[in-house]
Novice: 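Structure incoming, see below.
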Amino acid sequence: MLSGVLLLLTTRCDKLEEMPSDFVGPDNFFKSPAQVESAFVSSMQRQWGGWQFYDWMGYPEWPSFDDQLYGGDLVIGDETAGGSWTVHYQAIADLNPAIKAIIDGNLGSGVSQETKDQLLAEARFLRAFNYFWLVRLYGDVPLILENTDVTKDEIVRSPVADVYKQIVEDMLFATQNLPEVQPADNNARPNADVARGMLAKVYITMATAPLNATSNYANARDMAKQVIDGGKYSLVSNVEDVFNMDYEFGSEFMWAWHNSEEEYVIEPQIWLPGEMADGWGDVTAEKIWGEAFPEEPRKHAYLLLDDPWFETGTTYLDWWKSAPYIRKYLYDTPDNMLKNVSYQAQPILRYADVLLLFAEADNMVNGPTQAACDAVNQIVNRATGGVPNPADPLFTTAMSKGDFDDAVINQRSLELCFEYDRWFDICRKRILDKVTDPDYLPNYSVDDYLMPIPQKDLRLNDKLTQNPGYTRP
Amino acid sequence: MKKNLPYLIPIPISGKEKLLMIMKLALIIVFISVLQVSAKTYSQVTVNMNVQDKSIREVLKTIEQQSEVRFFYSDDLVAMNQTIDVSAENKNIISVLDEIFSGTKLTYKTYDNDLIVIAPREFLLQQVSVTGTITDSETSDPLVGVNVVLEGTTIGVMTDINGKFTLSVPNLTGNLRISYIGYVTQTIPINGMRVIDVSLASDLQALEEVVVTGYGTVRRSDLTGSVSSIKTEQLLQLPTQRVDQAIQGRATGVFILNTDGSPGGNTLIRIRGSNSINGGNDPLIIVDGLQGADINQLNPNDIASMEILKDASATAIYGSRGANGVILITTKLGNTGKPVIDAGYSIGLQKLARKLPVMDAASFAKYNNWYHSFDTQDGQTPKYYFTDADIAYYEQNGGTDWQDEVYKLGVMQTANLAISGATDKLKYMVSSGYLDHEGILLNSQYSRFSMRANLAADITKWVDFGLNYSYTSEIYKSPPFNANLFTTVNNAPRWAPTEPVYDENGNYWKHRPGYGAPDTWNPVASALETTIENPTYQNNLNMFLNFKLAKGLSLKIMGGGTFSNEYNNRYDNTKTRDGYAMNGVGNISNSFSNLIQNTNILTYDKTAGAHHITFTGVAEELFSSWFGNSMRGQNFLVDQLGTDNMDGAKSVSVDSWRGERALISFMGRINYGLLDKYLLTLSYRADGSSVFGENNKWGYFPSGSVAWRISQEGFLQDSEVVTDLKLRVSYGVTGNQGISPYGSLARLGSGETYRYPYNNGQNLNIGFGISDIANPNLRWESTAQSDIGVDVSLFKGRLTSTIDVYRKVTDDLLMPRQLPDYVGVSNVIDNIGSIENRGLEIMIGGDPVATSKFRWNTSLNYTMNRNEVLDLGPGVEKIGYTPTSGGYSLGSSYMFLEVGQPFGQMKGFKYLGLWGANEDAEARAYGQLPGLPKYADISGPDGVPDGTVNELDKTTIGYGYPDFQIGWTNLVTYSNFELSFLITGAYGQDLFNTLRIRRETYEGTDPKVWNYWTTENQDTDVPARYDGAWVQAQNLTNKYLFGNSSGASSRWVEDASFTRLKTITLAYNFDKTLLTKIGFTKARLYFTGTNLVTITKYSGYDPEIAQFPNNDATIGIDQSVYPTSRMYTFGADFTF
């Protein structure tokens, strides 16, 4: 012991150097395809897991301002929607170093060019996906395409058009380089059709507000058509099965947020009324919107109007807010609902969406074509169970272009409800004042189409501008 | 004979284990002394022998063969091999032995049972008696328990109740050293006298009291810094089981926060406020020179003294680790004299100190029905959960009182045993302690076994050696508790009293929707079916060699280490809420850590005329490393095996970690005294720490202080009133390096929070994402502190006082610098911001009554600290925290650090009571009605009230830290009785009572919900209830737009000021004269009450308790932590 003490006397200052052994830094990583893929994984988790954002409906963020979710009073405070900003930029910060590493050739010659291109395509697709979300919510946003560096403070908001330009570039690259089919054990990853479908949505958004670059309708139609013609996807025939957990990898779900048995992230109590399985009733439909939903099989598949599981004999009128609840995310077993766990996936892109995109775009290019009607009528027929429903009629070429367009947007509202889609439709079609509950209308302003830039970022960067209608600190 | 005493005979051993041998020897000596009863007459024993040139060893063997006598000696005694001649014919054994040993270094001593011990002369001396009486020089009262020791030997006794002593000495030469605490030690030559009476002069000023300071000691009179001392006698007066409790209320400038009341639960110690936001505010704890100890692993009985270093003059010597104050603990060594055994036992019974009021089942059912009878909005028909028959049943049979179900009588037992003693070359203390504490909450328990061996030896004239070894094993068990919904502590006072514990099949009763709060779980199941067991094992060892190189010059080389293993096991079986959801969840973590320290201290001490100078130079190195791993399993095939069968879990995830940090330091200090009047201390320390950025590894910490002993000046020297008066001024800089290592490096995060099932949704894929970015400029947090203090002692020490004022400014706060979120990383650890602490500390103590029979010693201390955030970095005015989890409508930040405000600031909506019946119109303007809560409309977008209560109307609604606190200790001695008590108090702090948010709502169980507002009953805080349909018909527009943080309201913030009789002890010390007859020197019986009386307005379990959610900025939230208990302890201490 004492001799050890004497040894210690010879102190050396190099002991102050730090050599971490239980973590890596971004500069000594991304040297193999698997390491690059780990960045994709992290970028998805940022948006999904751990009660962060999408896993519980972004509650109580921006989705509630649409006409579907309860409580959309259009009182949009300066702190609203900060969560979306954070998670998407986190995901981008994960992806940029991976993109740089591939471009810099860090993967080495042992990895084939095809693999490198596929990885780059996936990285760029994911990044574009995040920017697509950001640009729709906030308008002009900082376009950060390089590695995180704090010393750099020349960050300003790039115009919406520039952001879309980058998104289109990245997504086009993805449509050309992503595999047509991901390996079976990896099919939760996006493939080329997912990129095409998402790009169709990008184009149609560009064709509408705020850019109104209508030439993109044709691009949107072409992209959607490629997916339809590819024939890999189709609608699930029974509307009750759309959210059935057996169908989470097709034929209709193209890309989704997934859960695994190792980590459940959704608590079904969020969606359940207090009368059932100790529900918390956090998220309900807007009463007017829910009651106006046409009576048809789809209504009962997507909305919760009574108790199908626990024999409480209650209906939505007995429940806390006397409004229909959301059933789309209550397709796990009643036993799991009691345990307050759910392994259910939430779709990001469904084939139904691609059909609707095609129909909308084709109509805007050519007027109501038979192809457009056929596409959208697949959805209507499934919704009604094939029984003609005057409240939810089939589309015909006899409709005017304008009526057809309105009807498609309405059909999107019904079919894609509570899938983070309605708010963006309202914004790009500029119909917020038309669809908002009259009670909330006094709160409406044209500024509501954009969310505020977060106060924290404004405070820390003078060069960032704030969107109209909001204050800066 | 030897075979009969196998364990007592030292076996020759290798040099490496010499140390162990010395300890064993010490134990043997102790043991033999204990065995000593009365010597048997050996007069009948005779010896018959005639030998030449035989070793003593052989001669004694022959004697053993001839008689019943057995000799006992160490094999190591070389002198036993000396050869002698013996010629004896039926000679008495005693005279034979006298003859044998006359020419040797050895001697013998006879014992009962024919046992004769042979040992070197200095161990066993022949005896002549010296007697005498020791008295107080002023009062002539006899002094009891005075140490009388023959200098240079182990021979010593204590005076009896009459002040008398009888000491057996080998001859009438040498000196007697007479020492007594509080008196000046005297040395008297025996000089042939058989009766020596001495009167001792009292030393009330305790001028010679030595205070332990960093890397040395100093006479209290020479101290220039602010140091509070707590001595062992003070600790023994009010028995405590934990060291942190022992500090509570006894020292100024120290704030102790109980973060929970569980057995073995945590406390926070803050010295002179909180300096840091992220660097940690825990003081540095040093036990016998070894840094970074865990204070709760210490057995309080082992402590000789504790010094709390507060100002920079005292703490700067610890440089980068001194900013939060330093607690120096010195453990005991034996005193010269016969070996002493201290033994103690206590048993304490505990119960929940305060039960929260709850409704009985019938009342709850009626309230529930009443509440729901108003549910008529949107055309609803009210739904009643309880029928009249149900209510009648509850009225007849009662329901469940959940607090009675989960809280029980707790039992705490302690046992201590210590042996200590000293020879002139060796001092030792060996102790062990056991604490077993079964808590008041079901399934909670803490046990601690501790062992210590201290040794100090003079090896040669110029080398001393010292060793401290301690071992502690602790096991902590408790059901989880905190504000998290579903925990037992949180749920017990809010689970419906109508629900039974078990159903008719003996299974735990499950919650029925509508019958009380939905986000809860059977509290008994949560307590009993969650298994938490956390054992910790720690070894501490340090040793030193002290070389006296020349007169006044010494070099002390110290090396030591702390080696700990910590294990955490938790299993939530399928009867718990988490276990039910995941079919059993188990977590295991194992961690191992080492801290190695080497300290080298060079001291030079010189007195020349009026000058006294001490120079201290230190070179020190600390190196710590740790590693660990953890496992988490869920979905267990066999529920009852739990974490003992992790491979029975369907899904298992693992993690592992490793890290290290190093600190290299050099320090110099000069203490200079002129005429014992003018004192100066200067110190400078350089610290190199591995945890900082490439460019800033080294930090430098200077300090200086001066003191003037005014009482030594001519004009005061002969004062009858002023005995001592000293003025102190100090200034210095200390640092804080309390961040995790590698904080300056960029890092990719991995693990569970980065994983996502890309792999077909079956398993989680491994993810790596950016978690930290690099900051090569990261450096120390530094605190500059100035202090002015006065020490006064009046009337020969009958009245003493110490007053200090200080100001501390901490700059370069180690804090996450916020980054714009578009960076993707929300912050980077950096040095920004500044915090100030100012304070006043007053201690007044004295002996108002001091006669020989009746004595009252009292000490009152007052501590005030004001804390203010000066700066939080560019562009940051405030930082918000949400220390609670969901379920309380506290979705956005409600605790804030804000420039210009102190730590612990709560912000939210200001509750103004309920709208009065005469305020109908005003209420309606806000969409409210009379009887509904009224909140202050303070501001709007234009800075003026705008008719809407929203985010802009949030204001300060409370402060978590007290304005001031007091501690008042008292010791009253009357004859053999001793009464001591400690009163503590803290005033001006608020607590956010989160539990009330849930207990006073529609699902509430608090009986006060019945006291709802009506036009006839307006003097209440419980809102009115209106018919839902009627309210809708009023077409009100709600202007109370709280978003998701309606709970952030001053309605739940309460004044948590309190005055508490913390402990009271009544002890009886048995008469010494009586005790000596049975071989005891001390016997003491005591009864202690803890937390017997608390005066407070706070309505929660305890105003003194608040969970610490990892940040000093968020102190002030009552988060349903394990509640405090009231304890009654009986105990006994013996010394013999």
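Protein chains get the first letters and strands the later ones, always in sequence-line order, with residue 1 at the start of each. Bear in mind the structure is a predicted one, so any value in this text is a computation, not a measurement. FYI, side chains are in, hydrogens and waters are out, and symmetry mates aren't considered; it's all heavy atoms of this structure.
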Novice: Counting only heavy atoms not in B:L555 (residues, nucleotides, ligands), do more than 12 fall under 6.0 Å from its CG?
Specialist: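 For B:L555, atom CG is crowded (more than 12 foreign heavy atoms under 6.0 Å).
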Novice: Under 4.5 Å heavy-atom distance to chain A, tell me which part of B:K510 shows up: side chain, backbone, both or neither.
Specialist: neither
Novice: Between B:Y822 and A:N461, what is the shortest heavy-atom contact and its length?
Specialist: OH-ND2, 2.8 Å
Novice: Side chain, backbone, both or neither: which part of B:Q818 has a non-hydrogen atom closer than 4.5 Å to chain A?
Specialist: both
Novice: Please classify the contact of A:P142 with chain B as side chain, backbone, both or neither, using a heavy-atom distance under 4.5 Å.
Specialist: side chain
Novice: Under the rule for side-chain contact (heavy atoms from CB on, under 4.5 Å), what residues qualify as partners of A:K287, not counting sequence neighbours?
Specialist: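 Listed in chain order: A:E291, A:Y316, A:L317, A:S322, A:A323.
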Novice: Against chain A, label B:Y385 side chain, backbone, both or neither, depending on which of its atoms sit under 4.5 Å from a heavy atom there.
Specialist: side chain
Novice: Which region of A:L464, side chain (C-beta onward) or backbone (N, CA, C, O), has a non-hydrogen atom less than 4.5 Å from a non-hydrogen atom of chain B, or is it both or neither?
Specialist: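 Side chain of A:L464 only, per the 4.5 Å heavy-atom cut-off to chain B.
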Novice: Which atoms form the tightest heavy-atom contact between B:P757 and A:A188, and what is the distance?
Specialist: O-CB, 3.8 Å
Novice: Considering all heavy atoms of both residues, which atom of A:P190 and which atom of B:Y758 are nearest to each other, and what is their separation?
Specialist: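 Between these two residues, the closest heavy atoms are CD-OH, 3.6 Å.
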Novice: Could you tell me whether B:D821 and A:K456 make a salt bridge, using a distance below 4.0 angstrom between a side-chain N and a carboxylate O?
Specialist: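 Looking at A:K456 together with B:D821, the answer is yes, because their closest N to O distance falls below 4.0 Å.
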Novice: Need one label for A:F40: side chain, backbone, both or neither, based on atoms under 4.5 Å from any heavy atom in chain B.
Specialist: both
Novice: Sort B:S750 into side chain, backbone, both or neither according to what part of it lies under 4.5 angstrom from a heavy atom of chain A.
Specialist: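 No part of it gets close to chain A.
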Novice: Under 4.5 Å heavy-atom distance to chain A, tell me which part of B:S690 shows up: side chain, backbone, both or neither.
Specialist: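 Both the backbone and the side chain of B:S690 come within 4.5 Å of chain A.
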Novice: Kindly give the heavy-atom pair with the smallest separation between B:A581 and A:K339, and that separation in Å.
Specialist: CB-O, 3.0 Å
Novice: Just to verify, what does A:Y440 make a side-chain contact (heavy atoms from CB on, under 4.5 Å) with, not counting sequence neighbours?
Specialist: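 Checked A:Y440 against side-chain contact (heavy atoms from CB on, under 4.5 Å); matches are A:D73, A:E286, A:T436, A:D437.
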Novice: Looking at B:Y756 and A:H258, would you say the former's side chain and the latter's main chain have a donor-acceptor pair under 3.5 Å?
Specialist: yes
Novice: Can you tell which part of B:S826 gets under 4.5 Å to a heavy atom of chain A, answering side chain, backbone, both or neither?
Specialist: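 Contact with chain A: backbone and side chain both.
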Novice: Quick one: of B:L663, B:V691, B:V876, who has the most non-hydrogen atom pairs under 4.5 Å with chain A?
Specialist: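 With the most close heavy-atom pairs to chain A, the winner is B:V691.
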Novice: Testing the basics here: between A:S42 and B:G769, what is the closest heavy-atom pair and its distance to 0.1 Å?
Specialist: OG-CA, 3.3 Å
Novice: Specify the closest pair of heavy atoms between B:I770 and A:D94, including all atoms of both residues, with the distance to one decimal.
Specialist: N-OD1, 2.8 Å
Novice: If I measure from the heavy atoms of chain B, does A:A256 come under 4.5 Å with its side chain, its backbone, both, or neither?
Specialist: backbone
